[in-house]
Amino acid sequence: MKSNRKYLSSLVCLSTFILAIIPCLSAEKSSCEIAVATMNLPNGSDGVLHWRAGADVDTKPLQLSTRYFSEHLKLQGGVVQFFQAPVSASSDQNPPPIPLVSLKIPEGAKLVYIVIMSDTDENKQTRWRGILFDSADWKESSLKLINASSESLGIVAGEKEIRLNSGKSMDFNASEWSEPFPVKIFLMAPEVKKIFSSTWRVSSGRRELCFVSNINGSIALRSLLDLGETQPIPTP
């Protein structure tokens, strides 16, 4: 009888352990979508990178655009990696290939936008980095301006004067900016210097991203469009 009680007690403990670990396993393989674009490409690059979620799957090719975000790609797992060449999950390469960019997906995110950038170091070697943000922070029918540079920016939009510090973002929504408006962007240090001047319009039904970043020792600005799932990405 005592033996049976011990057996039942062990089963209860084991069941409790399994029930506790299942949510953790589910979280590791959570489902998400990503859309990817690039600010720039190295000289001679064909714009193709190879991506995967985790080390237990083969990579898939992805054609990067400097104008449009990719179609929404389904992702299983909490980390996405990008490589220069295809990588097989069964590869016994030693040491294993190191990704150009590896990004952790925010927990609970449904759709994440990724911007990949490249520049050169002091030895003229190409280096890569990536920045992501959750679609929950980017409304439909809006233009998001992200300051990913190391400098503070001054912005004159219409009649508004705005300061946008490094690492910060702001949104222009179609409901407030229904007409085209002039935009000027300035570097604020070490002296005020205009780096961009144009006229912007926030388009209803689509999202646009204006991304400011340091590339190869200078400040670069790139506009990227998200066409969503219903419109095909134009071919280069």
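The basis for the numbers below is simple: all heavy atoms, side chains too, and nothing from hydrogens, waters or symmetry mates.
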Within this structure, what is the [atom1]-[atom2] distance for the pair [X] and [Y], rounded to the nearest 0.5 Å?
X: R129; Y: L103; atom1: CZ; atom2: CG; answer: 11.5 Å
X: I116; Y: L62; atom1: CD1; atom2: CG; answer: 7.5 Å
X: N40; Y: M117; atom1: CG; atom2: CE; answer: 8.0 Å
X: I114; Y: T38; atom1: CD1; atom2: OG1; answer: 12.0 Å
X: L111; Y: I105; atom1: CG; atom2: CD1; answer: 10.0 Å

Looking at every non-hydrogen atom in both residues, tell me the closest pair between [X] and [Y] and how far apart they are.
X: L224; Y: S65; value: CD2-O, 4.4 Å
X: M39; Y: S213; value: CE-CB, 3.9 Å
X: P86; Y: T59; value: CA-OG1, 3.4 Å
X: R201; Y: S178; value: NH2-O, 4.1 Å
X: N214; Y: A148; value: OD1-O, 4.4 Å
X: A189; Y: E151; value: O-OE1, 4.0 Å

Between the main-chain N or O of [Y] and the side-chain N or O of [X], is there a donor-acceptor pair closer than 3.5 Å?
X: S102; Y: P99; answer: no
X: D58; Y: A89; answer: yes
X: D134; Y: A136; answer: yes
X: R207; Y: D226; answer: no
X: D121; Y: N123; answer: yes
X: S204; Y: S141; answer: no

Could you check if a side-chain atom of [X] sits within less than 4.5 angstrom of a side-chain atom of [Y], using non-hydrogen atoms only?
X: V87; Y: P96; answer: no
X: L153; Y: L187; answer: yes
X: L221; Y: C210; answer: yes
X: F196; Y: V212; answer: no
X: M170; Y: K168; answer: no
X: L132; Y: I34; answer: no
X: S118; Y: W128; answer: yes
X: S135; Y: H72; answer: no

Verify side chain to side chain donor-acceptor pair (under 3.5 Å) between R67 and S223, making sure each step is shown before the conclusion.
CA-CA 7 Å; R67 180 55 177 157; S223 176; 3.1 Å; yes
Does [X] share a hydrophobic cluster with [Y], counting links as ILVMFWY side-chain heavy atoms below 4.5 Å and allowing steps through other members?
X: V156; Y: V192; answer: yes
X: V112; Y: L100; answer: yes
X: W200; Y: I195; answer: yes
X: L64; Y: V80; answer: yes
X: I219; Y: L164; answer: yes

| said: Do the side chains of E208 and K144 get close enough for a salt bridge, i.e. N-O under 4.0 angstrom? | reply: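 Between K144 and E208 there is no salt bridge, as every charged N stays at least 4.0 Å from the carboxylate O atoms.
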With sequence neighbours left out, the residues meeting ring pair (Phe, Tyr, Trp, His ring centres under 6.0 Å) with F181 are F172, W177
By ring pair (Phe, Tyr, Trp, His ring centres under 6.0 Å), F133 pairs with (sequence neighbours left out) Y113, W138
Donor-acceptor pairs are to be reported for all side-chain atoms of residues 42-55 against protein atoms at under 3.5 Å, with residues two or more places apart or in another chain.
{"unit_1": "S45", "atom_1": "OG", "unit_2": "G47", "atom_2": "N", "d": "3.0"}
{"unit_1": "D46", "atom_1": "OD1", "unit_2": "V48", "atom_2": "N", "d": "3.0"}
{"unit_1": "R52", "atom_1": "NE", "unit_2": "G54", "atom_2": "O", "d": "3.2"}
{"unit_1": "R52", "atom_1": "NE", "unit_2": "Q81", "atom_2": "OE1", "d": "3.0"}
{"unit_1": "R52", "atom_1": "NH1", "unit_2": "V57", "atom_2": "O", "d": "3.3"}

_Using the side chain to side chain contact (heavy atoms under 4.5 Å, CB included) definition, which of the options L145, D137, I146 pairs with S169?_
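Only match with S169 under side chain to side chain contact (heavy atoms under 4.5 Å, CB included): I146.
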Self-check item: Pair F69-V115, side chain to side chain contact (heavy atoms under 4.5 Å, CB included): steps then yes or no
Solution: CA-CA 9 Å; F69 279 97; V115 179; 4.0 Å; yes
Q.
Distance alone, cut at 3.5 Å: any donor-acceptor contact between the side chains of N165 and S152?
A. yes
